[in-house]
Amino acid sequence: MAVVGSESNPLRVAIIGSGPAGFYTVSNFMKIKDVHVEMDMYDRLPTPFGLVRAGVAPDHQKDKSVTRAYEKSAAYPGFRFLGNVEYGLHIHLDDLRRHYHQVIFTTGSPFDRNLGISGEHLEGSHSATEFVAWYNGHPDFADRQFDLTQENVVVVGMGNVAMDVARILCKTHAELAATDMADHALRVLQQSKVRNVYILGRRGPAQAAFTPPEIKEMGEFEEADVNVLAEEAMLDVASQALLDASQDKNTLKNVTAVQAYAVRENQRKPRQLYIRFLVSPTELIGEAGQVQAVKINKNELYTDDQGALKARATTAEEIIPAGLVFRSVGYRGKPLPDVPFNESWGTIANHRGAITNNDGSTVPGMYTAGWIKRGPSGVIGTNKTCAQETVGLMVADLAMNKHFQPTDTDPAAIEALVRSRQPDLVSYADWKKVDLAELAAGDASNRPRVKISNVNEMLELIRS
Ligand code: NAP
């Protein structure tokens, strides 16, 4: 038999997860000219693109233009999309071992992190993950309910997801109606009674996890003012010293924007956004099972043994009335059947993308990239270099014959097996029917697209 990776015996790779890390795996392989490769990309949903479709904010359409590059990857002759297929349900590791040389898991970090405080499970307390997936039309979240008749909303966390959630709550219907936000969310947000939105960061402006364009955008709402307390905008001595030494451009821009908000005149717009620093929620206070308020502690910063600035509670407390709370303190990966998992990191156990056993040895043929490899950090493009590192290893391992030893590499065989378990398998051509229908509906209503957020509706459209 010809060498694996030759024209007559191509390297067969299964990619589990069709988000950015999955598509950057494809584009990185496409650059390697001396290896013939066939890639099958699986996704639990009938739609590709992961968080670009279901996570990137609907009012950030520019960030979604990366899908144009993913379209090019999907046109690669050795590429197939097998959507509506769940790893662990319709396809298992043993199947992959029999039909592929290598598998790469790019399944992202779908779970949210908890705060671990009392009252967190009261009605009206949600993860930002659920809210984001709901307004973006993710089929699993389309029927979630968020009580936007509440006037006061708290968002815990100071990252870009918290910014997204607060921005969506502060924008007007006209601003949101021009986006591809799911129709069910648009209808609920149109009736929103939200007046005050509080974002709570446990550290100061110099430690905030948001990026400069996102904090700048907070000052541009048509009908919401942004408020920052002067004493919370001021840097403590240690933060100022670190910033003076590093001159980190993003931190400088963030701090400048925050301090400008602290001296800005309030325009008395219908909605008020309060960005609070150095505060931590300690309890969600409820009545009859429903959240009513958030108890917060004022914090101070201290330098830990590693020289990092951390928050610690002072004795000062405050109560913020709020009937709706979103925790937005980061994501966690979901363990996958037969794949070693690092519980404390919430990622697949791996070394630079090669999946590892408990003893640290690598598992031949098994790889990972994206958030499930390195944790939920960075922008979409970060996944490109992340996937590049893993693909580099996959190619190096191929040269050393370190891969699965499949018994049936005929692409038709694995497709037939999957179809026997999931007759509603969705190909890339099938997805394009959904895509074109969504785009046409968008054209008709002057929006980027009108999303279908029900799997059966997608399947009916494909069958028609
Ligand atoms: P993130 O950037 O990691 O931010 C998490 C925030 O939660 C931090 O402010 C963190 O504070 C805070 N936090 C963590 N534990 C906490 C606790 N127990 N109590 C209070 N606060 C706590 O996470 P993310 O916002 O979920 O974003 C995930 C990734 O997606 C990031 O890389 C982000 O940049 C990216 N993203 C990018 C965009 C964009 O480019 N527009 C949009 C959305 C998401 P500490 O710093 O003190 O830990």
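Every number for a ligand or one of its atoms is a count from 1 in the order of the listing. Quick caveat, the model's predicted, so the values are computed rather than measured. Just so it is clear, the values below take in all heavy atoms, side chains as well, and ignore hydrogens, waters and symmetry mates.
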Is the gap between the ring centers of Phe105 and Tyr87 under 6.0 Å?
yes

Stepwise side chain to side chain contact (heavy atoms under 4.5 Å, CB included) test for Phe221 and Thr172:
CA-CA 8 Å; Phe221 296 124; Thr172 60; over 6 Å; no

Does the pair Val103 and Ile16 meet the rule for a side chain to side chain contact (heavy atoms under 4.5 Å, CB included), with working shown?
CA-CA 8 Å; Val103 55; Ile16 312 297; 3.8 Å; yes

Close aromatic pair by centroid cut-off 6.0 Å: Trp431 and Phe81:
no

Starting from the N and O atoms of ligand 1, collect every protein N/O partner closer than 3.5 Å and put each pair on its own line with the distance to 0.1 Å.
from	atom 1	to	atom 2	distance (Å)
ligand 1	9 (O)	Met158	N	3.0
ligand 1	15 (N)	Arg202	NH2	3.3
ligand 1	25 (O)	Asn160	N	3.3
ligand 1	25 (O)	Val161	N	3.1
ligand 1	32 (O)	Gly378	N	2.8
ligand 1	32 (O)	Gly378	O	3.1
ligand 1	34 (O)	Asn160	ND2	3.1
ligand 1	41 (N)	Glu214	OE2	2.8
ligand 1	46 (O)	Arg203	NH2	2.8
ligand 1	47 (O)	Arg202	NE	2.9
ligand 1	47 (O)	Arg203	NE	2.8
ligand 1	48 (O)	Arg202	NH2	2.8

Just to verify, what does Ser118 make a side chain to side chain contact (heavy atoms under 4.5 Å, CB included) with, not counting sequence neighbours?
Glu283

Should the ring pair Tyr24 and Tyr70 be called parallel, tilted or perpendicular, given that the plane angle runs from 0 to 90° and is split at 30 and 60?
perpendicular

